[in-house]
Amino acid sequence: RELFAGLTGSNGTGKKSEQKELPAGPVFAAPPNSREERLQYMKGTLAYRDAIKVFCQAWENRYAKNLLSFKLKIVNADVVIEAGKLKQILADTHTPLNIRLNNMIKSVKRSAKAQIVSRLDLFVVERNQGKKNGKNTGSVHTRQSEMPAEYGKALNRLGSQPPLTAWTKVEAAELYGEFLRSAAYRNLCACHELAPAVSPAEAQLWKQSDDDALTYIHILLNGIPAEAKCGHIVLDEAQECSPFEVSLLKEFSANGSITLLGDLNQSSRNRPWFIRWGELAAGALAGLAAECIELTTSYRSVGEIVDFTNRLLPKSSTKAIPVYFGRENPQAYETATPAETIDKIASRVAELIGVGCKSVGIVTRDPAGAAELYLALSHSPKPLSAAVALIDDSVTEFRGGVSVLPVQMAKGLEFEAVIIANGNDRQYPGSSSDQRLLYIACTRALHHLDVFYEGNISPLLAAEDTGCAAKAGENRVL
């Protein structure tokens with residue numbers, strides 16, 4: 001409710017742009033209980049962005065009141081500065097604050113220099129007039145030898161004179177730290193049932209979830225150079241991005257030309273920021289004439305796998321349409337012990353390599369499970385017929401072959417064959433988050449999909465509408 005008052009945006013002409021509203025994504029679980037998750041969610045909202053903007057504007061108004069209370073002392077006389085000109089520069093709120101401060105300094109320097117040069121010119125005239133009249137008093141001699149030098153020094157040290165030294169560039173980190181200690185931040189935290197507990201030290205310990213806020217404040221203070229803006233922006237995996245992030249991308253667009261690509265069913269967050277693309281268009285991309293285009297044809301997986309993964313989706317979700325069919329349905333294999341699971345996975349990998357598979361992905365629920373499985377397979381009594389690699393955060397290049405990886409690392413990859421290492425009811429109890437993780441893992445497969453499980457198979461795979469209604473203890477077709 002904080003983020004989106006409506007589901008239609010403006011095209012900049014005052015008329016509401018027409019949008020093709022897509023079906024909702026999966027029905028998501030209740031808001032996460034983890035404080036860190038709730039905090040990260042809050043920091044990705046447009047409400048957080050707007051609160052920062054209001055705070056920065058109020059801070060700037062207070063800061064500006066003290067900028068014009070000054071006297072500039074040059075040598076033995078004050079330089080007269082036109083406050084009206086500086087007020088005019090400062091009042092231009094369309095120009096970022098740091099640029100206005102720089103313009104004020106330039107204006108003062110130009111005015112001071114002009115007045116100093118004028119005084120030097122007057123001195124030269126008086127000196128020449130004195131020579132013409134035959135006068136050469138001590139005071140005139142002093143002015144001849146010392147005054148020009150003093151004014152020259154004054155020009156050189158002009159930039160180090162108050163108040164110019166007070167008109168320093170405002171840093172985003174400093175201003176964000178003040179925001180985190182403000183009542184505005186505490187009020188936001190209260191709305192999200194969070195206790196701020198932000199000490200001065202904690203206010204300087206930035207996390208990845210603070211990147212958007214720091215970038216936004218930097219933009220408010222300094223603007224974006226024209227050469228840094230892009231003619232067109234393409235964002236993949238857009239379902240993982242917060243509205244705040246997307247609104248920042250809009251700032252870097254030179255003409256509002258942006259393409260977002262994503263699948264709401266593949267969101268890896270417990271609580272996604274949006275469940276319809278129209279919400280993103282109306283919020284983060286407000287002001288642009290957004291068009292939602294739904295792509296339903298699946299070119300990756302064979303029809304048997306596409307049909308199976310469609311059944312993993314909520315009934316309200318749009319289903320993919322396969323282009324071609326293969327010869328093998330997804331299979332499930334029940335095992336009694338972890339050792340048997342390792343043994344059967346090794347045997348299945350050998351079979352898949354034997355039929356010509358160049359890439360096999362063995363997918364686990366989490367990184368710890370992937371590391372454990374990798375070690376078990378590497379030291380298995382039945383060695384794999386090919387080298388096995390562990391894909392984690394340190395891997396920068398995917399080379400195919402046999403890979404063990406968590407489902408989070410599988411996003412964006414594809415394998416000729418995918419093995420779900422343990423699809424039981426303990427790993428995937430049946431929540432919407434479990435549903436999306438299984439969907440991500442299974443849609444990585446091109447031709448072969450196998451699920452191994454110890455104990456009871458996940459209810460997401462055993463349900464009637466998944467086609468997996470076989471007796472316990474049997475290998476089954478999914």
Side-chain angles (χ1 to χ4, degrees), residues 2-3 36 38-70 86-108 159 162-192 194-226 228-229 241-252 283-284:
E2 288 180 282
L3 300 184
E36 187 59 37
R38 295 201 305 274
L39 189 62
Q40 187 183 47
Y41 179 87
M42 179 188 77
K43 290 181 177 180
T45 62
L46 295 182
Y48 194 68
R49 178 201 66 181
D50 295 342
I52 289 173
K53 184 175 182 179
V54 171
F55 173 84
C56 289
Q57 289 173 339
W59 180 91
E60 181 184 310
N61 290 336
R62 294 192 302 271
Y63 179 72
K65 288 182 180 180
N66 300 320
L67 290 181
L68 301 182
S69 302
F70 68 90
L86 297 182
K87 288 180 179 179
Q88 183 179 356
I89 295 173
L90 198 58
D92 180 17
T93 55
H94 295 292
T95 302
L97 177 61
N98 281 336
I99 295 178
R100 280 180 277 159
L101 291 176
N102 190 48
N103 290 341
M104 289 170 63
I105 291 173
K106 288 180 179 178
S107 177
V108 169
L164 275 62
T165 51
W167 298 351
T168 56
K169 179 180 178 181
V170 181
E171 297 294 338
E174 179 183 353
L175 190 50
Y176 187 47
E178 291 196 31
F179 172 74
L180 292 179
R181 293 185 289 270
S182 70
Y185 180 75
R186 291 194 296 273
N187 291 338
L188 270 175
C189 288
C191 291
H192 289 266
L194 290 163
V198 177
S199 67
E202 289 173 330
Q204 301 299 329
L205 297 176
W206 312 131
K207 300 179 181 178
Q208 187 173 353
S209 57
D210 294 305
D211 288 350
D212 300 338
L214 288 165
T215 302
Y216 183 58
I217 295 175
H218 180 83
I219 292 173
L220 292 178
L221 292 173
N222 303 286
I224 302 175
K229 295 201 171 188
C241 294
S242 70
F244 198 165
E245 284 181 296
V246 176
S247 72
L248 289 177
L249 278 184
K250 179 184 172 184
E251 298 290 334
F252 283 91

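Side chain of Thr215 to backbone of Asp211: a donor-acceptor contact under 3.5 angstrom is found. A distance-only check finds no donor-acceptor pair linking the side chain of Asn102 to the backbone of Asn98 [under 3.5 Å]. With hydrogens and angles ignored, the 3.5 Å screen pairs no side-chain donor or acceptor of Arg100 with any backbone N or O of Ile89.
Contact detail for Tyr185 and Leu180: the closest heavy-atom pair is CD2-O, 3.3 Å. When all heavy atoms are compared, the tightest approach of Ala284 to Pro243 is CB-O, 3.2 Å.
Evaluation of the side-chain contact (heavy atoms from CB on, under 4.5 Å) rule for Ala228 yields Ile224, Pro225 as partners, not counting sequence neighbours. For Glu171, the side-chain contact (heavy atoms from CB on, under 4.5 Å) criterion is met by Lys169, Glu174, not counting sequence neighbours. Applying the ring pair (Phe, Tyr, Trp, His ring centres under 6.0 Å) rule to Tyr216 yields the partners Phe244; only residues at least two apart in sequence or on another chain are considered. Residues satisfying the side-chain hydrogen bond (donor to acceptor under 3.5 Å, both in side chains) test with Asp92, not counting sequence neighbours, are Thr95. Residues that satisfy the side-chain hydrogen bond (donor to acceptor under 3.5 Å, both in side chains) test with Glu245, not counting sequence neighbours, are absent from this structure. In terms of the salt bridge (charged side-chain N to carboxylate O under 4.0 Å, His left out) criterion, Arg49 has no residue partners (sequence neighbours excluded).
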- Query: Run the ring pair (Phe, Tyr, Trp, His ring centres under 6.0 Å) check on Phe179 and Tyr48 step by step: do they pass?
  - Reply: CA-CA 11 Å; Phe179 172 74; Tyr48 194 68; 5.7 Å; yes

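Side-chain contact between Pro96 and Leu221 is absent, with no heavy atoms from C-beta onward closer than 4.5 Å. Using a 4.5 Å cut-off on side-chain heavy atoms (C-beta onward), Leu90 and Lys87 make no contact. By the 4.5 Å heavy-atom criterion applied to side chains, Leu188 and Leu194 are not counted as neighbours. Counting heavy atoms from C-beta outward, Leu97 and Leu220 have side chains that stay 4.5 Å or more apart.
A distance of 12.0 Å separates NZ of Lys43 from OG of Ser242, quoted to the nearest 0.5 Å. Rounded to the nearest 0.5 Å, atoms NE2 (His192) and CZ (Arg38) are 10.5 Å apart. Atom SG of residue Cys56 and atom CD of residue Glu60 lie 8.5 Å apart, to the nearest 0.5 angstrom. Going from atom CD1 of Ile217 over to atom NZ of Lys53 covers 13.0 Å, rounded to the nearest 0.5 Å.
Within a 6.0 Å sphere centred on CD of Gln88, heavy atoms belonging to other residues, nucleotides or ligands number 12 at most. Atom NZ of Lys229 has more than 12 heavy atoms from other residues, nucleotides or ligands within 6.0 Å.
A ring-centre distance under 6.0 Å is not found for Phe55 and Trp59.
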